[in-house]
Protein chains: 2
Amino acid sequence: MAANLRQVAERAGVSVRTVSNVVSGFALVAPETRERVQRALDELGYRPNAAARHLRGGRSGLIALVIPEIASPYFGELAGHLADEAEKRGWTMLVQQTGGDPRRERELLDGVHGQAVDGLVMSPWALSPADLRRRPDAAPLVLLGEQDADGLLDHVVIDNVAAARQLTGHLIATGRTKIAAIGPQPHLTNGTAAQRLAGYRQALSEAGLPADPALEVPVAHLHRSDGAAAMRELLSAGTAVDAVFCFSDQLALGALHAAAGHGLRVPADLAVAGFDDIEDGRFATPALTTVAPDKVAIARAALDCLAARLTAGGGPAPARHVVAHQLEVRASTG
Amino acid sequence: MAANLRQVAERAGVSVRTVSNVVSGFALVAPETRERVQRALDELGYRPNAAARHLRGGRSGLIALVIPEIASPYFGELAGHLADEAEKRGWTMLVQQTGGDPRRERELLDGVHGQAVDGLVMSPWALSPADLRRRPDAAPLVLLGEQDADGLLDHVVIDNVAAARQLTGHLIATGRTKIAAIGPQPHLTNGTAAQRLAGYRQALSEAGLPADPALEVPVAHLHRSDGAAAMRELLSAGTAVDAVFCFSDQLALGALHAAAGHGLRVPADLAVAGFDDIEDGRFATPALTTVAPDKVAIARAALDCLAARLTAGGGPAPARHVVAHQLEVRASTG
DNA sequence: CTGAAAGCGCTAACAT
DNA sequence: ATGTTAGCGCTTTCAG
């Protein structure tokens, strides 16, 4: 069943070279020869051996997606788009989970699957920009999210500061004045949460509202349970709040759940907004206001980046690729 | 940076054979030699070449997860467990999406990534059992879900009939009598929906309740929007309903959303239950009653299956592997 | 236009 | 205990 080039060549009465040419459609082959070879190919059900091609050509056709967890809806949706885009470019995508563990991030950065990967798309959680730059593996790397890597590494981002400012501005525009922020992650080197916090503060300051530390609730992770816990913390502390900006939709869904548990009506008593535009948010009760990053564009930008690095010249200098986002106002903020 | 065995051997003043032995920890090597080789290995930063190993040994260390879409929460959660379990077994997992397209399912079944995969875990959607059996690729295959493949293919399932019966029984036990079923998929060869429907009907019949065709609402897909549309259809048709059993949590979340849109209170006016126990369901408002398949056990069973097939003997005969499930009663059914 | 053959890096059978 | 070498399947240089 697994025929190789030599067997096909024998059957067609030609040399391996000619069969290879037919298979790759590369050089000139006489039409009659081509037909004969093609028949042999079909009859034997020839399928090129990826390992041999890889060994010979140095390209595996594999790219790795390295993320904290694939079960998280945001990464799940992104992975879907990345897989689609990878396929269009002839790549197969493998998935590696880090769980946000710095050792595991290091390990994968140093070589996924025995270096058998043409490129990496990574969302680091724990590793610093300096750590990220230091790696023995030569495979091109593109980061997802704000790493502030001094422009030495490709990364794809949205303008988190602007987006957070817009969203907070929207909450203010609906008349809210005591707006909490759930989601700062001071323990992480990943700069995303910091930027969203900055945008939030900017909006408050622009509106002449005070920045109250009691309204900024840090979280360890971005799971729904963390959002719920943060919300309960806020409510049980008796802090006056009329809106919550959560730094992810997952946090917001948790917050929504906790708010309902406290008998609060959303948005009448409390406005809740998230970030990421995951599908759950659209069907939450009430539907969640959020910032929608253009996920397809993120996937495209990341893979275009890798593709550019794999061209002969190595492509342009590493850059920060900013992708569009949009404010999605839904029922949860009235 | 990318040193090979020969370079290491030269540096250590030994043969490639010895270096290979040290690397794989295989045969007996004199301690002093071993140490010298190890130093050379470290100094040159040697890392084995996966392509060469694969070509030589016939094992790529790759397994493929072939599913309709990774962005779906159920598959996302499952993929997370599969990636974890794969890693424990020394495999790297790649993901291929079919979108439920029969041509694409066929194509992937015939060989993922140029056959460079040691095994496949697949959730077929459109291909019939007969189609599934006919394939040129020799890589072991294990199916997720009910394929009724005449015992000729390995597949991992939960007892869908029993689970659906239990869940419907629970709805009946809470006093509901007009129980709709959202989710039959008569157009699919995948038998999962059919089994859940069977379990639902069994429970009704056991309780002496009539099976009303108007209460069985088929869906094209399992997205939240399909659940919402089905729920709206049911409500606008004026059918009397006091409970809905949705064949997936996604459908149920959509139904919940639509019910809220119609001003119905859940569970007071309407009980809603799902299937799959995705995280969204736990944090929905109200929290969703559901059937929780043991996803970790599913991942383990699938990979154990592949591992068994890859042993010398080819492992035991193909089988249907039944994994445990549990009824999770939450607020949505009172 | 087609054939012969080198060689990618590794493992393992065969030597010593 | 260690050295030598064939060969996995493919692409591509060199001949013709």
Side-chain angles (χ1 to χ4, degrees), chain A residues 1-38 40-41 44-62 90 111 113-118 137-138 312, chain B residues 1-38 40-41 44-62 90 111 113-118 137-138 312:
Chain A
M1 197 97 266
N4 62 24
L5 280 189
R6 213 190 44 204
Q7 294 167 310
V8 176
E10 256 167 45
R11 181 171 190 114
V14 297
S15 78
V16 194
R17 165 60 132 92
T18 303
V19 182
S20 177
N21 283 342
V22 171
V23 169
S24 50
F26 195 57
L28 312 314
V29 181
E32 40 193 276
T33 313
R34 175 181 299 276
E35 199 189 337
R36 192 149 36 93
V37 170
Q38 189 57 57
L41 245 16
L44 292 174
Y46 173 79
R47 335 209 81 222
N49 178 308
R53 281 192 163 169
H54 179 190
L55 180 58
R56 184 63 237 253
R59 292 273 177 99
S60 64
L62 250 28
H113 190 63
Q115 281 72 57
V117 143
D118 294 342
D137 187 6
Chain B
M1 197 97 263
N4 61 22
L5 281 189
R6 214 190 44 204
Q7 295 169 312
V8 176
E10 256 169 44
R11 181 170 190 115
V14 298
S15 77
V16 276
R17 164 61 132 94
T18 305
V19 182
S20 178
N21 283 342
V22 171
V23 169
S24 50
F26 194 58
L28 314 313
V29 180
E32 39 192 279
T33 313
R34 177 181 297 277
E35 199 190 338
R36 194 150 34 93
V37 170
Q38 190 57 58
L41 244 17
L44 291 175
Y46 172 79
R47 336 209 81 221
N49 179 309
R53 281 192 162 170
H54 178 192
L55 180 58
R56 184 64 237 251
R59 292 274 176 99
S60 64
L62 250 27
H113 190 63
Q115 280 71 57
V117 143
D118 294 342
D137 188 5

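A, B, ... follow the sequence lines: proteins, then strands. Residue 1 opens every chain.
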Please give, in whole Å, the distance from [N] [atom2] to [X] [atom1]?
| X | N | atom1 | atom2 | result |
| --- | --- | --- | --- | --- |
| A:H54 | C:dC8 | NE2 | P | 15 Å |
| B:N49 | D:dC8 | CG | C1' | 13 Å |
| B:L55 | C:dC8 | CG | C1' | 9 Å |
| A:E10 | D:dG9 | CD | P | 13 Å |
| A:L44 | D:dG9 | CG | C1' | 15 Å |
| B:Q7 | C:dC8 | CD | P | 10 Å |
| B:E32 | D:dT2 | CD | P | 8 Å |
| B:R47 | C:dC8 | CZ | P | 21 Å |

Which atoms of nucleotides 5-7 of chain C (N or O only) lie under 3.5 Å from a protein N or O atom, and what are those distances?
residue: C:dG7; atom: N2; partner: A:R56; partner atom: NH1; Å: 3.3

Review point. CG of B:L41 to CZ of B:R47: how many Å apart, nearest 0.5 Å?
Key: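 Those atoms lie 11.0 Å apart.
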Point to revise | Nearest-0.5 Å distance that lies between atom CZ in A:R34 and atom OG1 in A:T18 | key: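 It comes to 10.5 Å.
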Exercise for review: Locate the shortest heavy-atom distance separating A:A12 from A:R36; write the atom from each residue and the value.
Suggested key: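 Heavy atoms of A:A12 and A:R36 come nearest at O-NH1, 2.6 Å.
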Review point. What are the two closest non-hydrogen atoms of B:D118 and B:R59, and how far apart are they?
Key: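 For B:D118 versus B:R59, the nearest heavy atoms are OD1-CA, 3.5 Å.
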Going by atom type alone, with no hydrogens or angles, which donor-acceptor pairs under 3.5 Å involve a side-chain atom of residues 2-9 of chain A and a protein atom two or more places apart or on another chain?
residue: A:N4; atom: OD1; partner: A:R6; partner atom: N; Å: 3.2
residue: A:N4; atom: OD1; partner: A:Q7; partner atom: N; Å: 3.0
residue: A:Q7; atom: OE1; partner: A:N4; partner atom: N; Å: 2.8

Point to revise | Nearest-nucleotide 5' precedence on DNA chain D, B:R36 against B:G57 | key: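 On the 5' side of the pair lies B:R36.
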Closest to the [X] side chain, choosing from [options]:
| X | options | value |
| --- | --- | --- |
| B:Y46 | C:dC10, C:dG3, C:dT2 | C:dC10 |
| A:L5 | D:dC10, C:dT2, C:dC10 | D:dC10 |
| A:A52 | C:dG9, D:dC10, C:dT2 | D:dC10 |
| A:S20 | C:dT2, C:dC10, D:dT12 | D:dT12 |
| A:P48 | D:dA1, D:dC10, C:dG9 | D:dC10 |
| B:N4 | D:dC10, C:dG9, C:dT2 | C:dG9 |

Check your understanding: Which residue, B:V14, B:V19, B:V22, forms the side chain to side chain contact (heavy atoms under 4.5 Å, CB included) with B:T33?
Key ->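 Single pass found, and it is B:V14.
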Check your understanding: Are the side chain of A:S24 and the backbone N or O of A:S20 linked by a donor-acceptor pair below 3.5 Å?
Key ->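 Confirmed, A:S24 side chain pairs with A:S20 backbone.
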Review point. For A:T33 and C:dT2, is the shortest distance between a side-chain N/O and OP1 or OP2 below 4.0 Å?
Key: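 Answer yes for this pair, as a side-chain N or O of A:T33 is under 4.0 Å from OP1 or OP2.
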Exercise for review: Please check the phosphate of C:dG3 (OP1 and OP2 only) for any side-chain N or O of A:T18 closer than 4.0 Å.
Suggested key: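 So the side-chain polar atoms of A:T18 do come within 4.0 Å of the phosphate oxygens OP1 or OP2 of C:dG3, strictly under.
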